[in-house]
Amino acid sequence: DSISCTGMGTICNMSAEVGATSSIFPFTERMKEYLQSTNRSEIATFAEEFKHLLRPDDGAVYDAMLEIDLSTLEPHINGPFTPDLAHPLSRFAEEVKKNEWPSSIR
């Protein structure tokens with residue numbers, strides 16, 4: 001429950017941009033709180049009833065299991081022009097100059 005519901009959504013969305021075919025999180029208390037705070041309490045209640053199905057199967061086997069220490073990752077900026085151009089924040093200004101990209105956002 002350490003990642004917010006919107007954080008999980010962001011991870012799933014960005015995962016597709018770097019080639020993942022699926023990203024799944026089990027139903028958590030954070031998701032329930034998000035649904036309730038966005039006027040979707042009925043959906044939260046419904047999901048709560050079936051949360052035993054909204055988790056990995058017992059004994060599930062995966063091709064790969066990745067554990068990522070998020071505190072070791074450097075923030076990146078995607079773009080410009082296409083989301084597959086990802087640049088570490090520490091090198092983005094250098095890339096802007098090198099590629100003669102626009103340096104201001106309006």
Side-chain angles (χ1 to χ4, degrees):
D1 282 344
S2 63
I3 301 175
S4 69
C5 185
T6 54
M8 289 181 234
T10 299
I11 291 169
C12 291
N13 186 34
M14 297 304 292
S15 297
E17 292 185 7
V18 294
T21 55
S22 65
S23 299
I24 302 170
F25 287 92
F27 184 74
T28 66
E29 192 65 28
R30 300 293 297 268
M31 290 179 183
K32 178 181 172 184
E33 291 167 1
Y34 175 80
L35 290 169
Q36 290 171 331
S37 70
T38 56
N39 299 317
R40 294 180 273 184
S41 293
E42 289 179 22
I43 296 170
T45 301
F46 187 73
E48 188 75 26
E49 289 178 37
F50 293 94
K51 72 178 181 181
H52 64 284
L53 299 173
L54 304 173
R55 61 172 185 73
D57 294 336
D58 291 334
V61 178
Y62 301 95
D63 293 336
M65 180 74 100
L66 303 175
E67 290 190 32
I68 301 170
D69 180 354
L70 298 179
S71 69
T72 66
L73 299 179
E74 179 177 1
H76 277 58
I77 295 177
N78 283 13
F81 315 118
T82 179
D84 61 336
L85 289 176
H87 304 281
L89 191 56
S90 64
R91 296 198 324 242
F92 189 67
E94 172 188 327
E95 292 292 326
V96 167
K97 289 177 187 172
K98 181 175 85 176
N99 293 291
E100 298 180 356
W101 292 332
S103 60
S104 62
I105 298 173
R106 299 180 190 173

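Just the heavy atoms: all of them, side chains too, but no hydrogens, waters or symmetry mates, feed the values below.
- Looking at residues two or more places apart in sequence or on another chain, you find a side-chain contact (heavy atoms from CB on, under 4.5 Å) between Leu89 and Glu74, Pro75, Ile77.
- At least one side-chain heavy atom of Thr28 sits less than 4.5 Å from a side-chain heavy atom of Met31.
- Crowding of Arg55 atom CZ: a count of heavy atoms from other residues, nucleotides or ligands under 6.0 Å exceeding 12.
- Between atom CD of residue Glu49 and atom CG of residue Leu54 there is a gap of 11.5 Å, rounded to the nearest 0.5 Å.
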Listing, residues 3-13 side-chain donor-acceptor contacts under 3.5 Å, not counting sequence neighbours, or none:
residue, atom, partner, partner atom, Å
Ser4, OG, Thr6, OG1, 3.2
Ser4, OG, Gly7, N, 2.9
Thr10, OG1, Thr6, O, 2.9

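- Atom NZ of Lys32 and atom OG of Ser37 lie 12.5 Å apart (nearest 0.5 Å).
- Distance CD/Glu33 to OG/Ser41: 11.5 Å, rounded to 0.5 Å.
- Scanning all heavy atoms of the two residues, the minimum distance from Ala86 to Asn78 falls at CB-OD1, 3.4 Å.
- Scanning for side-chain contact (heavy atoms from CB on, under 4.5 Å) contacts around Ala20 gives Ser15, Ser23, with sequence neighbours left out.
- The side-chain contact (heavy atoms from CB on, under 4.5 Å) test applied to Ala16 returns no partner, not counting sequence neighbours.
- From His52, atom NE2 reaches atom CZ of Phe50 across 7.0 Å, with rounding to the nearest 0.5 Å.
- For Arg40, the side-chain contact (heavy atoms from CB on, under 4.5 Å) test picks out Tyr34, Leu35, Thr38, Ile43, with sequence neighbours left out.
- Within a 6.0 Å radius of CG in Asp63, no more than 12 heavy atoms belonging to other residues, nucleotides or ligands are found.
- Below 30°, between 30° and 60°, or above 60°: for Phe81 and Trp101 the angle between ring planes is above 60°, a perpendicular geometry.
- For Glu95, the salt bridge (Lys or Arg N to Asp or Glu O under 4.0 Å) test picks out Lys98, with sequence neighbours left out.
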